[in-house]
Amino acid sequence: MTTTQVRATCPLDCPDTCALLVTVEDGVATAVKGDPDHPTTAGVLCTKVSRYTERTYHADRLLTPLRRVGRKGEGKFERISWDEALDTIAARLKPIAARNPQAILPYSYCGTMGLVQGESMSSRFFHQLGASLLDRTICASAGATGYRYTVGATIGTDMEQFQNAKLIIIWGGNPIASNLHFWMRAQEAKRHGATLVAIDPYRSLTAEKCHQHIALLPGTDAALALGLMHVLIAEDWLDHDYIANHTLGFDALKERVAEWTPERTADTCGIAAVQIVELARLYGQTCRNGEGAAIRANYGVQRVRGGGMAVRNIACLPALTGAWRHAAGGMQLSSSGSFPVNRKALQRPDLLQGTPRTINMSTIGDDLLKTASAEFGPQVEAVIVYNSNPLAVAPESARVEQGFAREDLFTVVLEQFQTDTADYADIVLPATTQLEHVDAHSTYGHLYMMANNAAIAPLGEAKANTEIFRLLAQRMGFDDPCFQESDEALAAQAFDATDARAVHFDWESLKRKGWQKLAMPEAPFANGGFATPSGKCEFYSASMAQAGLDPLPSYIAPYESPASNPELAARYPLAMISPPARNFLNSTFVNVKSLRAAEGEPHLDIHPDDCATRGIAAGDMVRIFNDRGSFVARARVTDKARRGLVVGLSVWWKKLASDGKNANEVTSQRLTDMGRAPTFYDTLVEVEKVA
């Protein structure tokens with residue numbers, strides 16, 4: 001028996017981007033473990049990824065191309081050859097492209113976060129084709145936009161510093177489920193006397209283990225940040241030197257937040273005024289003592305109408321108190337802006353002829369149902385889906401399903417499994433998993449460039465995304481030499497080797513070691529140096545004013561809440577959020593039996609008082625509904641959900657739920673204040689017992 005160990009990287013949409021060691025015996029991957037030498041992974045993997053071989057060798061893996069033989073959505077297919085599949089696709093795409101290539105739409109997101117498999121050859125293909133562009137907004141664009149307006153780039157506190165903090169505020173996230181290696185460092189800080197505070201409408205696994213939990217109303221995070229700023233300024237918990245030298249617009253900010261007294265903030269957020277005052281004092285005192293006060297903001301904050309503004313407001317806090325001076329202070333939303341990714345080389349935007357229209361992935365339900373018009377452009381006639389499962393993850397699912405069910409829509413899906421979306425495909429192409437292809441990775445939770453080596457040969461007839469798009473380019477007659485570049489050549493272009501942060505990046509050495517840390521300052525904004533137009537933390541943003549936004553921190557009420565929409569709330573009085581289930585990652589892993597068994601079935605957490613008024617008991621099947629749709633789940637009666645809030649942990653494959661539906665039946669296609677992102681947690685519903 002020949003046994004080898006291969007260095008790899010977790011490809012999933014998670015900030016941890018773990019370094020993996022894959023054990024291969026006679027060409028078969030037998031184990032996936034965390035690299036003990038990688039400082040952030042530290043040999044530890046989440047339950048999901050530790051079972052990655054179970055997914056790779058799953059009995060339901062798609063291993064041959066398929067052609068639909070049943071109705072769309074029925075999931076009936078026949079096996080065909082690669083030549084047949086590619087010829088069919090080219091024969092359908094060529095006449096569409098001849099009429100108007102913008103009638104062809106790519107649809108992808110972060111099924112893999114790899115720079116090679118995620119965005120290189122596919123982008124080149126669609127740029128050469130002249131297809132519509134896709135606005136990839138479904139996760140992070142609102143918060144990232146608000147953060148960039150304030151500090152200039154998605155750069156923040158190094159995850160490896162959090163264990164040295166004396167105060168950690170976990171705002172809008174559940175890292176036990178979705179950011180395990182950060183949580184390990186928060187626990188280390190806790191053991192050394194740090195205070196942990198969770199801000200979340202729901203008492204999550206993480207909130208239960210923090211010293212304090214502030215259970216505010218969904219969509220009111222921006223107001224809480226304004227209230228904290230009010231107390232910090234009123235009680236002078238400020239770093240006046242830092243404000244004077246490294247910020248812009250303090251006087252205007254001071255005037256704005258004067259309105260946000262603890263009492264007004266408490267009324268807006270549905271919490272006690274004393275919680276606001278005490279947290280502001282704790283934050284201010286920690287900074288004044290020269291100790292690390294760090295905020296870990298996550299994406300739960302931004303999935304509401306005012307989500308971009310909420311992140312912007314939170315990002316003002318470290319500059320007011322000088323928290324950025326300490327390496328274990330400041331804030332992390334994402335570290336993605338730290339990486340000098342060479343996207344022009346990977347994606348080749350120079351192949352574009354003109355400027356195609358852009359379609360927002362978060363409104364795919366409506367956009368697939370639009371006919372041609374001067375405003376919209378041509379009707380979408382073909383969609384190629386890869387690295388995504390829009391039938392499960394996109395909002396207002398009934399509309400998404402209607403769009404993909406169009407008989408005149410030609411749909412190609414690159415997949416590893418027959419997902420909800422694959423059921424609507426005309427052609428399904430089998431894609432490799434991370435163990436079967438080469439890739440290079442940046443991250444959004446730490447500061448290491450990462451390499452993924454192929455551990456095993458592709459199973460069956462599966463092909464890497466890059467190879468599929470190379471073959472499609474050949475069939476379409478694209479002869480630019482860029483379509484011949486190998487995955488190794490693409491990975492070698494992943495980072496800009498001339499950028500000082502990449503320390504003369506070299507692909508060959510990176511793939512041998514598996515990871516290499518960027519050269520970044522220990523405390524990125526200790527002495528200012530913000531990437532904003534002014535070079536300062538911008539409490540007042542002229543760029544926002546130019547974009548038609550309020551240039552100062554403000555509060556934007558949710559679309560759907562009792563306070564902002566009392567007429568709607570009279571019919572649908574319960575707010576609903578649908579954060580990630582611990583054993584799933586978006587819709588990945590839902591079909592892995594051991595992980596699905598750990599989740600059991602779709603549940604709805606609902607407060608005892610809300611159950612009592614509706615005659616609901618623990619274990620009852622309940623229907624959750626609004627004007628957009630409905631789904632059913634098993635009721636769990638718990639005060640983890642505050643009164644007036646229900647929580648449906650997600651995202652289930654629809655076909656694996658008892659009613660063939662999931663939480664996105666009731667979510668909205670409305671977009672955020674900035675960043676054009678979805679508003680998954682800005683949702684009112686009613687709940688009733690199923691007879």
Side-chain angles (χ1 to χ4, degrees), residues 93 96-97 100-141 144-145 148 153-154 336-362 364 367 377-378 380 382-388 414 439-442 444 449 464-499 501-502 505 507 531 675-677:
L93 294 185
I96 299 172
N100 190 332
Q102 294 181 83
I104 301 168
L105 176 69
Y107 194 99
S108 70
Y109 200 61
C110 294
T112 173
M113 296 289 288
L115 299 172
V116 176
Q117 303 303 332
E119 58 179 84
S120 64
M121 199 60 68
S122 55
S123 295
R124 295 177 181 192
F125 176 82
F126 290 112
H127 287 157
Q128 178 74 73
L129 185 62
S132 289
L133 302 174
L134 185 71
D135 203 3
R136 292 175 171 84
T137 63
I138 205 163
C139 181
S141 63
T145 302
R148 284 194 296 266
T154 48
S336 59
S338 307
F339 289 84
V341 176
N342 196 355
R343 285 199 161 83
K344 285 186 178 179
L346 291 171
Q347 298 179 0
R348 292 294 303 273
D350 57 294
L351 296 170
L352 277 169
Q353 300 293 319
T355 306
R357 68 173 172 191
T358 298
I359 290 179
N360 192 323
M361 71 184 305
S362 298
I364 188 67
D367 290 336
V380 177
V383 181
I384 300 180
V385 179
Y386 56 105
N387 301 336
S388 190
L414 285 61
D439 220 326
H441 289 257
S442 59
Y444 63 95
M449 298 178 288
N465 287 349
T466 45
E467 181 61 14
I468 292 171
F469 283 105
R470 282 189 201 97
L471 293 171
L472 285 173
Q474 289 175 15
R475 289 302 202 284
M476 295 297 289
F478 300 163
D479 57 5
D480 190 289
C482 76
F483 293 107
Q484 304 303 317
E485 288 188 314
S486 68
D487 288 4
E488 291 279 349
L490 292 167
Q493 301 171 61
F495 301 103
D496 180 359
T498 66
D499 192 294
R501 292 171 291 176
F505 155 75
W507 170 244
R676 307 167 308 283

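- Minimum heavy-atom separation, M121 to C482: CE-O, 3.6 Å.
- R676 pairs by the salt bridge (Lys or Arg N to Asp or Glu O under 4.0 Å) definition with D135, not counting sequence neighbours.
- Here the side chain of Q128 pairs no donor or acceptor atom with the backbone of L351 at under 3.5 angstrom.
- Between the OG atom in S388 and the CG atom in L134 there is a gap of 8.5 Å [rounded to 0.5 Å].
- Of all the heavy atoms in S122 and G118, the pair that sits closest is OG-O, 3.8 Å.
- With sequence neighbours excluded, no residue forms a side chain to side chain donor-acceptor pair (under 3.5 Å) with Q102.
- Counting heavy atoms from C-beta on, the side chains of I384 and L414 come closer than 4.5 Å.
- R348 is listed as a side-chain neighbour of D480, based on a closest heavy-atom distance under 4.5 Å.
- Between F505 and A491, the shortest heavy-atom contact is CZ-O, 3.6 Å.
- By the 4.5 Å heavy-atom criterion applied to side chains, D496 and R501 are not counted as neighbours.
- We find the CG-CZ distance between L352 and R124 to be 13.0 Å, quoted to the nearest 0.5 Å.
- Under the 3.5 Å distance criterion, the side-chain polar atoms of E485 are left unmatched by any main-chain donor or acceptor of P481.
- Here the CG-NZ distance, from N342 to K344, works out to 9.5 Å after rounding to the nearest 0.5 Å.
- Electrostatic pairing of D487 and R470 counts as a salt bridge here, judged by a charged N lying under 4.0 Å from a carboxylate O.
- Residues satisfying the side chain to side chain contact (heavy atoms under 4.5 Å, CB included) test with Q347, not counting sequence neighbours, are E119, S123, H127, R343, P349.
- Not a single side chain to side chain donor-acceptor pair (under 3.5 Å) links N100 to another residue, sequence neighbours left out.
- Note that OG1 of T466 and CG of L471 are 9.5 Å apart. Values are rounded to the nearest 0.5 Å.
- Taking 4.5 Å as the limit, every side-chain heavy atom of P101 sits out of range of all side-chain heavy atoms of F126.
- Heavy atoms only, all atoms of each residue included: A440 and W507 are closest at CB-CZ3, 3.9 Å.
- Using the six-membered ring where Trp is involved, F478 and F125 have ring planes that are tilted, between 30° and 60° apart.
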query = Would D367 and L105 count as a side chain to side chain contact (heavy atoms under 4.5 Å, CB included) if you check the C-alpha gap in whole Å, the side-chain angles of each, and the deciding distance to 0.1 Å?
reply = CA-CA 11 Å; D367 290 336; L105 176 69; over 6 Å; no
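- Scored by the side chain to side chain contact (heavy atoms under 4.5 Å, CB included) test, A531 finds A153 as partners (sequence neighbours excluded).
- The structure places OH of Y107 at 14.0 Å from OG of S132, a figure rounded to the nearest 0.5 Å.
- The two atoms that bring T112 and H441 nearest to each other are OG1-CE1, 4.3 Å, heavy atoms only.
- Note that CD of Q474 and CD of Q484 are 6.0 Å apart. Values are rounded to the nearest 0.5 Å.
- Side chain of R136 to backbone of S108: a donor-acceptor contact under 3.5 angstrom is found.
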task = Start with the C-alpha distance between F469 and F483, add both sets of side-chain angles, then the distance that settles ring-ring contact (aromatic ring centres under 6.0 Å, His included), and finish with yes or no.
result = CA-CA 8 Å; F469 283 105; F483 293 107; 9.8 Å; no
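- Under the side chain to side chain contact (heavy atoms under 4.5 Å, CB included) criterion, R148 pairs with A144, T145, T154, sequence neighbours left out.
- A donor-acceptor pair under 3.5 Å links the side-chain atoms of D439 to the main chain of L115, judged by distance alone.
- Taking each heavy atom of S120 and L490 in turn, the nearest pair found is OG-CD1, 3.6 Å.
- Side chain of S141 to main chain of G675: a donor-acceptor pair is present (N/O by atom type, distance under 3.5 Å, no hydrogens or angles).
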